[in-house]
Amino acid sequence: MSAWLTVPESLVGTAGVCDVQLSVEGLSAHYLGQERWVLDEVGLSNLAGQVSAVVGPSGCGKTTLVRTICGLVPHCLPSEYRGSVKLQGVEIADASVQFIAERVAYVGQNPDAAIITRSVHDDIAFALQNLCLPGCEIETRVRDAAEKVGLTDYLWADPWTLSGGQRQRLAIAVVLAMSPKLLVLDEPTSNIDALGRQQFYQLISQLVAAGTGVVVIDHDLDPILPIVDQVIALDAEGAVIAAGPPRQVFYQHTTQLEQAGIWLPRAVRAGNTQALTCQEAEIELPGLEQVCGSQVRYWRKETSGWRLVEEIDNCPKGQPQLELKDFAVPGRSPAIRARLAGGEFVGLLGQNGAGKTSLLSALAGLLSFDGQAQLEGSRLRKGKHGIGYVFQNPEHQMVAATVEKELAVGGADAQTVEDLLARFHLEAVSQQHPLTLSGGQQRRLSVATMVAEQRAIIVLDEPTFGQDWDNTCELMDFIGQLCAQGHTVLMATHDIELALDNCSHLIALPARQSQPAEPRHNGRENRRGLFSALNPLTLFFALLP
């Protein structure tokens, strides 16, 4: 996949032209149908040409804050707010959607929710067409934005054939193409590999230098900390703990931030009193190049550290709990092999598009596969769901009307449901609809539902996405308890440090080779029908009236 390069002039303006005046004073928000108000009189200002990071425990209202900044609250979601949010002197509640869209761009937690059309090219172009830009300018912006996020080779691909991380890159390309004056990012790199994350924040640095204001939510700020100008830290109730320059916030309020369960920079956690960034503290973060190669690699944790092995075989003489022989998803992943006795915690690592999600989906019976897979002596196949699967996007597995009922779907009794609500800190939202939860709460619920089903093997796709420090640590401890009870857990993750600290084995996938773009005829893209670019579901709802 191509790297993200220098920002072309078509994607940024000049300093001053891109300045945006936005102020937030005394903000609290309320979603209709819920009793609780979110946020506790939050204030925010000085956004022009700066990077402002919002941190806080899961469920504190970070996403609600940025939704209000970009007008989703109250224009698109059944909601209301009190206090004041002004964009260029106009109250957000009074501003037109066009006024907001021409100045503010938003990348949400779930990139799938933003997919409109049936090609990467048309998805990037869609918003520009709505802004009524000239066709030649649209084409230039589309291609520049695709190059920036490494999707040039996929320009005519169907977005649904991309990996989750690649779809997240697509969501970022869409907003970059719009040249916003204020860029709002909610966990923008959660599903992007480490190299892509580093390149993305380099790109953000260039945009800010050109005058664009950026508001970003991220639990782990280390990759972006060198370019952050101000940090707004919220507690569990959505009240401001501290706001100001990063060094001031993290060193003068360390105890309060720890008590709130907020991720602290690694330099602060290491006990440094001067250094703030990893570079200043000379902390080297592990990279994919240390574990991945040109072929599938297998690693085993030993007393002396990690050791590269030819294969994972924990039961050479007995019947394995899970056995994989040349297990692969055609066209999506390389073949892997493993014999697991039970009790292993296996990390699945690799770049975006390497095939991590495809392998987990095939294990869960959602995709066809090559090779052999046996669960406790029984053959696995597509349509046979013997393995518990926690989806990359947790809302994809929600089927009940309340959190409590969701936990009981698999047959868990009332006591088990009560215990899980407490263990995963979901008691306060037990009667809410799962889709009204924050991203972090949805992730905890998705893990809890699989635990409730008491599966021998559980596969997790990015389970720590959207989780604060306390919940991440608790989740890793809980997975350790499951493994101690004989369960096997496979986890796809981009957090290499997390995998190295907690897993017993690693399966490291090689980088996937880029697929060619859609075939062309006589140097031009294939011509398509008037409605062929639209997602079929979008077209269906459009035709209903």
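The first residue of the sequence shown is numbered 1, and numbering continues consecutively from there.
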Peer 1: Looking at T212 and V208, would you say the former's side chain and the latter's main chain have a donor-acceptor pair under 3.5 Å?
Peer 2: no
Peer 1: At what distance, to the nearest 0.5 angstrom, does OG of S361 lie from CG of L366?
Peer 2: 5.5 Å
Peer 1: Between the main-chain N or O of V120 and the side-chain N or O of W156, is there a donor-acceptor pair closer than 3.5 Å?
Peer 2: no
Peer 1: Between L65 and V54, is there a side-chain heavy-atom distance shorter than 4.5 Å?
Peer 2: yes
Peer 1: Is the closest side-chain heavy-atom distance between L44 and S23 below 4.5 Å?
Peer 2: no
Peer 1: Checking V216 against I204 for the side-chain contact (heavy atoms from CB on, under 4.5 Å) test, could you report, in this order, the C-alpha distance in whole Å, the side-chain angles of both residues, the deciding distance, and whether it holds?
Peer 2: CA-CA 10 Å; V216 59; I204 291 301; over 6 Å; no
Peer 1: At their closest point, which heavy atom of R337 faces which heavy atom of Y298, and how far apart are they?
Peer 2: N-OH, 3.0 Å
Peer 1: I'd like to check H219 versus E187 (side-chain heavy atoms, cut-off strictly below 4.5 Å). Are they in contact?
Peer 2: yes
Peer 1: Apply side-chain contact (heavy atoms from CB on, under 4.5 Å) to V107 and D186, showing your working.
Peer 2: CA-CA 6 Å; V107 178; D186 193 350; over 6 Å; no
Peer 1: Regarding D122 and S119, do their side chains bring together a donor and an acceptor under 3.5 Å, going by distance alone?
Peer 2: yes
Peer 1: Any chance the side chains of Q230 and S52 put a donor and an acceptor closer than 3.5 Å?
Peer 2: yes
Peer 1: CD1/I457 to CD1/I387 distance, rounded to the nearest 0.5 angstrom?
Peer 2: 4.5 Å
Peer 1: Could you pull out the closest heavy-atom pair between Y31 and R67, with the gap in Å?
Peer 2: OH-NH1, 3.1 Å
Peer 1: With a 4.0 Å cut-off, would you call D112 and R167 a salt bridge?
Peer 2: yes
Peer 1: Does any part of the side chain of I69, heavy atoms only, come nearer than 4.5 Å to the side chain of V24, both counted from C-beta?
Peer 2: yes
Peer 1: Examine the side chains of T357 and D461 and answer whether a donor and an acceptor come within less than 3.5 Å of each other.
Peer 2: yes
Peer 1: Supply the atom-to-atom distance D370 CG to D326 CG, rounded to the nearest 0.5 angstrom.
Peer 2: 9.5 Å
Peer 1: Of all the heavy-atom pairs spanning P74 and Y81, show the shortest one and how long it is.
Peer 2: CD-CE2, 3.7 Å
Peer 1: Which of parallel (below 30°), tilted (30 to 60°) and perpendicular (above 60°) describes F369 and F327?
Peer 2: tilted
Peer 1: Are more than 12 heavy atoms, taken from residues, nucleotides or ligands other than E289, located less than 6.0 Å from that residue's CD atom?
Peer 2: yes
Peer 1: Can you tell me how far CG of L360 sits from CG of L460, rounded to the nearest 0.5 angstrom?
Peer 2: 8.5 Å
Peer 1: Report the distance from atom CD1 of I507 to atom CD1 of I336, rounding to the nearest 0.5 Å.
Peer 2: 4.5 Å
Peer 1: A328 and P330: which non-hydrogen atoms are nearest, and at how many Å?
Peer 2: O-CD, 3.7 Å
Peer 1: Strictly distance-based, threshold 3.5 Å: is any side-chain N or O of T161 a donor or acceptor partner for the main-chain N or O of A157?
Peer 2: no
Peer 1: Please check if the number of heavy atoms outside K384 that lie under 6.0 Å from its NZ is greater than 12.
Peer 2: yes
Peer 1: Measuring only between side-chain heavy atoms, which start at C-beta, is L207 closer than 4.5 Å to L183?
Peer 2: yes
Peer 1: Any donor and acceptor pair, going by atom type alone, linking the side chain of K325 with main-chain N or O of A338 inside 3.5 Å?
Peer 2: no
Peer 1: Keeping E147 on the side-chain end and D144 on the backbone end, is there a donor-acceptor pair under 3.5 Å?
Peer 2: no
Peer 1: From the options D501, I496, N502, select the one residue that forms a side chain to side chain contact (heavy atoms under 4.5 Å, CB included) with L498.
Peer 2: N502
Peer 1: With the threshold set at 4.0 Å, does a side-chain nitrogen-carboxylate oxygen contact exist between E137 and R141?
Peer 2: yes
Peer 1: To check you understand the geometry: which heavy-atom pair defines the closest contact between L349 and A499, and what is its length?
Peer 2: CD2-CB, 4.1 Å
Peer 1: Kindly list each side-chain donor-acceptor pair under 3.5 angstrom involving residues 462-469, sequence neighbours excluded, with atom names and distances?
Peer 2:
from, atom 1, to, atom 2, distance (Å)
E462, OE2, H494, N, 3.2
Q467, NE2, G440, O, 2.6
D468, OD1, D470, N, 3.3
D468, OD1, N471, N, 2.8
D468, OD1, N471, ND2, 3.2
D468, OD2, S58, N, 2.8
D468, OD2, N471, ND2, 3.2

Peer 1: Nearest 0.5 Å, what's the NE2-SG distance between H75 and C70?
Peer 2: 10.0 Å
Peer 1: Is a side-chain N or O of S79 found less than 3.5 angstrom from the main chain of L77, in a donor-acceptor match?
Peer 2: yes
Peer 1: When you measure from the side chain of H505 to the backbone N and O of W299, does any donor-acceptor pair fall under 3.5 Å?
Peer 2: no
Peer 1: Above 12 or not: heavy atoms from other molecules or residues under 6.0 Å from CD of Q295?
Peer 2: no
Peer 1: For I92 versus G71, what's the shortest heavy-atom pair and its separation?
Peer 2: CG2-CA, 3.8 Å
Peer 1: Keeping the roles fixed (side chain from K181, backbone from G213), state whether a donor-acceptor pair exists under 3.5 Å.
Peer 2: no
Peer 1: Step by step, would you call R297 with C292 a side-chain contact (heavy atoms from CB on, under 4.5 Å)?
Peer 2: CA-CA 6 Å; R297 284 183 171 182; C292 295; 5.8 Å; no
Peer 1: Are Q206 and Q202 linked by a side-chain donor-acceptor pair shorter than 3.5 Å?
Peer 2: no
Peer 1: Do P265 and L221 have side-chain heavy atoms sitting under 4.5 Å apart?
Peer 2: no
Peer 1: Under a 3.5 Å cutoff, is there a donor and acceptor pairing between the side chains of E395 and N110?
Peer 2: yes
Peer 1: Per the side chain to side chain contact (heavy atoms under 4.5 Å, CB included) rule, which among L182, I232, L185 passes with V215?
Peer 2: L182
Peer 1: With side-chain contact (heavy atoms from CB on, under 4.5 Å) as the criterion, how do Y389 and L490 come out once you've worked through the C-alpha distance, each side chain's angles and the decisive distance to 0.1 Å?
Peer 2: CA-CA 10 Å; Y389 183 30; L490 284 79; over 6 Å; no
Peer 1: Under 4.0 Å between a Lys/Arg side-chain N and an Asp/Glu carboxylate O for D218 and R197?
Peer 2: no
Peer 1: Please determine if D123 and R118 form a salt bridge, counting it only when a charged side-chain N lies under 4.0 Å from a carboxylate O.
Peer 2: no
Peer 1: With a 4.5 Å cut-off on side-chain heavy atoms, are Q442 and P434 touching?
Peer 2: no
Peer 1: Taking the side chain as everything from C-beta on, heavy atoms only, tell me whether V346 gets closer than 4.5 Å to V489.
Peer 2: no
Peer 1: In chain order, what residues pass the salt bridge (charged side-chain N to carboxylate O under 4.0 Å, His left out) check against D495, with sequence neighbours excluded?
Peer 2: none
Peer 1: Report yes or no: does N130 contribute a side-chain atom to a donor-acceptor pair with the main-chain N or O of F126 at less than 3.5 Å?
Peer 2: yes
Peer 1: Hey, is the main chain of Q50 close enough, under 3.5 Å, to the side chain of D229 for a donor-acceptor pair?
Peer 2: no
